[in-house]
Amino acid sequence: MKNYKNAIFYFGVTGGFTALMYWIIKKGKHLEVSKKVTLATIENGSWNDFIASMQHSFQDPLAILLAQIITIILVARFFGWVFKKIGQPSVIGEIIAGIVLGPSLLGMYFPEFSAALFPVESLGNLKFLSQIGLILFMFVIGMELDLKVLKNKANEAVVISHASIVIPFTLGIGLAYFVYNRFAPEGVKFLSFSLFMGIAMSITAFPVLARIVQERGIHKTKLGAIVITCAAADDITAWCILAVVIAIVKAGTFVSSLYIISLAIIYVLLMIFIVKPFLKRIGDLYGSKDSIIKPVVAIFFLVLILSSYATEVIGIHALFGAFMAGAIMPDVPKFRSIFIEKVEDVALILLLPLFFVFTGLKTEIGLINDPYLWKVTGFIILVAVVGKFLGSALAAKFVGQSWRDSLTIGALMNTRGLMELIVLNIGLELKVLTPEVFTMMVIMALVTTFMTGPALDLINYIFKTKDNIDNEEVSNNKFRILISFGNNEKGKSLLRLANSLIKKTKETASVTVMHLSLSDEMHQFNMEDKEKNSFIPIVEESRILKQEITTIFKATIDIETDIADIANQGDFDLLLIGLGKSIFEGTILGKVIGFTTRIINPDRLIDKFTGKEGLFENSPFDERTRQIISKTKMPIGILIDKDLQNVNEIFLPIFCQEDSFLIEYVQKLIYNNNSKIMILDVNGHIDSNFVIKSAINSLEQKYPNNIGIITDRIVKKEFLAKQDLMLISLESWKTLVDSRSVWLSGVPSVLILKH
């Protein structure tokens with residue numbers, strides 16, 4: 001009855017008021033007589049009027065800006081993904097995306113489309129949005145600088161970092177002397193031009209460098225600590241020098257710039273001695289609470305905006321103010337992490353690609369249209385590499401580093417990336433650089449950033465070394481297990497399994513536990529805390545098991561390849577990885593009726609299996625696991641974890657002659673863990689294989705209570721429920737899954753072994 005009343009009320013109200021609106025509109029048409037109506041309506045107009053209206057909408061500034069953002073994000077993410085796949089920082093791909101969308105490619109081959117998508121009058125909006133992105137990005141960079149590291153390693157770092165600035169800066173000024181007459185803009189003094197050439201040569205991309213160090217796993221080594229500290233010192237010094245250079249350029253002379261520099265010094269002192277203590281007090285008050293309230297967030301963002309505004313007004317650019325605001329943030333990991341998370345997605349994904357494209361729109365490769373200009377470009381690259389690479393390397397060698405480490409530091413410090421583009425854009429904006437020089441310097445930034453990875457590989461190859469895995473040398477007779485985990489619970493299960501294989505032979509065995517994290521080359525703050533938190537549950541479990549472990553933590557852009565590389569290069573005997581329960585869910589394997597199931601003849605299925613084109617066609621594994629299996633050249637165990645707590649009762653089905661290698665693991669489990677093994681042999685493979693038969697006979701004599709054999713084709717569900725673990729070879733597991741054997745749904749945790 002109530003629903004009936006609601007329906008009457010609903011239709012009465014909507015119908016009545018709809019009729020009233022129609023009546024008012026009809027009456028209102030009579031009012032048009034006294035007005036001169038100029039806009040055609042769809043009702044009285046033509047199809048052409050509709051098309052004209054749509055064209056007007058497409059040309060609206062907001063519509064153009066939204067279309068630009070959509071295009072830029074799609075193209076930038078695509079190129080970033082491509083360059084990640086080839087082992088390069090995604091920032092290179094995003095810079096390339098900007099050049100592709102600019103006059104160098106899109107504007108050259110599709111000029112009409114380029115003019116429609118990027119009309120000249122729309123570039124102002126794009127510029128201001130990209131500047132907002134840069135301000136947020138520099139705020140993050142300031143927060144990511146760990147000033148405590150500078151205090152701890154200031155001696156060597158300052159020598160290397162300042163040498164890596166002074167030497168290329170001097171070479172840049174020398175280069176300016178030779179190219180000033182031909183390439184400097186009209187009316188620009190040599191002092192301004194040469195200073196900008198110098199700072200452009202001496203910059204280092206701290207975010208990209210830090211990410212490369214993380215991805216190569218050297219962040220915990222002495223070399224990693226030194227190079228990160230050098231980059232941080234370089235970043236701070238270079239931005240201070242840039243502020244002075246901007247002041248000199250804007251003032252015209254060094255003497256006139258002293259007023260701007262004096263104001264800048266006053267600003268820095270205010271930020272350090274007044275604003276920083278104020279923010280620290282807020283951090284102390286709210287840092288321990290579960291969440292940060294919006295007024296507190298507003299205060300910090302207001303400080304960022306005011307700081308950027310102050311430096312822009314003073315004349316040393318808003319980016320320096322953003323960098324300074326980030327650097328004085330309270331030294332509370334929670335605060336910094338929250339603000340980085342809030343800023344990062346908007347700045348890095350949405351706004352920063354706009355800057356790359358805005359840079360690309362000003363980069364015209366076509367301007368370098370004769371061999372002479374390409375020679376000059378090559379000379380600029382040579383000077384940049386010699387100054388930064390060799391300058392850093394020689395300074396590192398002087399303070400006592402080996403040649404290998406010195407050259408590695410030089411290669412890393414030679415990375416320029418996004419930071420170089422920021423400097424170049426400021427130079428172009430101040431009209432100190434011509435479009436020609438700007439394009440040459442952009443090419444230099446791309447080349448020096450791109451060469452970092454290959455240079456590091458070449459250095460390691462020449463010195464016949466490999467990336468340090470922070471794993472102590474062990475004797476050749478040790479059984480070495482490497483565990484790679486992503487989920488803490490699965491990591492604990494893998495550790496229990498590893499412990500059961502070596503419990504009584506710890507003197508001649510070792511366990512290394514590894515956690516790899518997907519990296520973002522723009523974000524590396526608080527990586528040590530992340531590493532510590534990742535291993536807390538695993539370390540606690542190792543104490544319970546009384547199992548010593550070595551840990552590896554690495555940020556990477558390709559988890560599957562790095563797992564395989566570390567396993568292959570680390571001289572391990574077994575790699576253990578985890579796989580979720582999802583293999584049993586949503587398929588026939590999860591739908592079993594009854595309490596007993598019949599095992600079908602696996603031999604028949606093996607013939608069907610080996611007739612397929614590839615091992616992993618229709619594979620039960622996810623893509624990541626398949627890649628790890630295919631790339632790993634050593635024994636590997638994949639654990640399908642159903643909350644594995646003990647490894648006492650083990651079920652071992654033998655389906656083919658090649659399963660004989662499983663007996664080696666059976667021996668380890670019986671000896672080290674006193675595990676009880678129940679072997680299923682429905683086709684008589686034990687009797688027909690001398691190796692398997694002799695090994696099992698030996699085990700039966702030595703451990704009569706720990707091993708049993710069953711040949712029944714009927715396996716009761718109650719039996720499976722009592723087992724802790726099923727041990728099976730990769731080939732036999734694939735056979736069973738291919739056959740859709742319903743009995744699999746009742747099995748416990750499964751360890752799938754590839755020999």
Side-chain angles (χ1 to χ4, degrees), residues 87-89 91-92 95 156-176 197-213 215-216 218 221 223-235 237-238 241 375-421 423-424 440-463 465 467 521:
Q88 289 288 338
V91 65
I92 298 181
I95 295 170
E156 291 183 1
V158 168
V159 172
I160 298 172
S161 118
H162 285 182
S164 75
I165 289 176
V166 171
I167 295 173
F169 200 102
T170 305
L171 291 179
I173 290 176
L175 177 66
M197 291 295 289
I199 194 68
M201 291 293 175
S202 58
I203 205 77
T204 291
F206 172 74
V208 180
L209 178 147
R211 186 52 50 207
I212 292 172
V213 168
E215 287 168 358
R216 290 185 171 257
I218 59 175
T221 64
L223 172 64
I226 289 174
V227 78
I228 286 287
T229 309
C230 289
D234 190 293
D235 223 28
T237 307
I241 294 173
K375 286 179 183 178
V376 174
T377 304
F379 193 65
I380 288 173
I381 295 170
L382 178 64
V383 171
V385 172
V386 169
K388 199 71 176 175
F389 188 109
L390 292 184
S392 304
L394 291 174
K397 182 62 180 172
F398 179 80
V399 298
Q401 299 297 316
S402 66
W403 272 116
R404 184 243 181 195
D405 287 354
S406 298
L407 292 173
T408 300
I409 291 171
L412 287 165
M413 295 296 286
N414 192 45
T415 305
R416 285 176 172 84
L418 172 62
M419 311 304 285
E420 176 76 8
L421 294 191
V423 172
L424 296 179
M440 293 176 184
M441 299 296 277
V442 168
I443 294 172
M444 180 271 287
L446 284 171
V447 171
T448 54
T449 305
F450 190 90
M451 69 181 287
T452 303
L456 291 174
D457 293 335
L458 180 62
I459 291 165
N460 287 334
Y461 176 77
I462 292 173
F463 287 89
T465 61
D467 289 337
E521 63 270 1

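Computed from a prediction, not measured in an experiment: that's the story for all the values here.
In plain terms, the two heavy atoms of N460 and R404 that are nearest each other are OD1-NH2, 2.9 Å. Shown here for P168 and G387, the closest heavy-atom pair between the two residues is CD-O, 3.5 Å. Summarising the geometry of A396 relative to S406, their closest heavy-atom pair is C-OG, 3.6 Å, with the distance given to 0.1 Å. Looking at every heavy atom in both residues, G391 comes nearest to A163 through O-CB, 4.4 Å. Contact between Q88 and F450 at its shortest, heavy atoms only, is NE2-O, 3.0 Å. Minimum heavy-atom separation, I165 to A238: CD1-N, 4.1 Å.
Proximity of M440 to V376: side-chain heavy atoms (C-beta onward) are separated by under 4.5 Å at one or more points. A 4.5 Å side-chain heavy-atom check between T408 and V227 finds every atom pair outside the cut-off. In this structure, T448 and F389 have side chains that are not in contact, with every pair of non-hydrogen atoms separated by 4.5 Å or more.
Atom CD1 of residue I199 and atom CD of residue E420 lie 9.5 Å apart, to the nearest 0.5 angstrom. The line from CD1 of I409 to CD of Q401 is 4.5 Å long, rounded to the nearest 0.5 Å. In this structure, CG in L412 is found 5.0 Å from CG in L209, a value given to the nearest 0.5 Å. Distance CG/L394 to CG/L407: 9.0 Å, rounded to 0.5 Å. A distance of 7.5 Å separates OG in S392 from CG in D234, rounded to the nearest 0.5 Å. Separating the CE atom in M197 from the OG atom in S202 is a distance of 11.5 Å, to the nearest 0.5 Å.
Remark: the backbone N or O of M201 is paired with a side-chain donor or acceptor of R416 at under 3.5 angstrom. At least one donor-acceptor pair under 3.5 Å links the side chain of T204 to the backbone N or O of M413.
With T377 as the fixed residue, the side-chain contact (heavy atoms from CB on, under 4.5 Å) test singles out one of V442, V447, L382, I443: I443.
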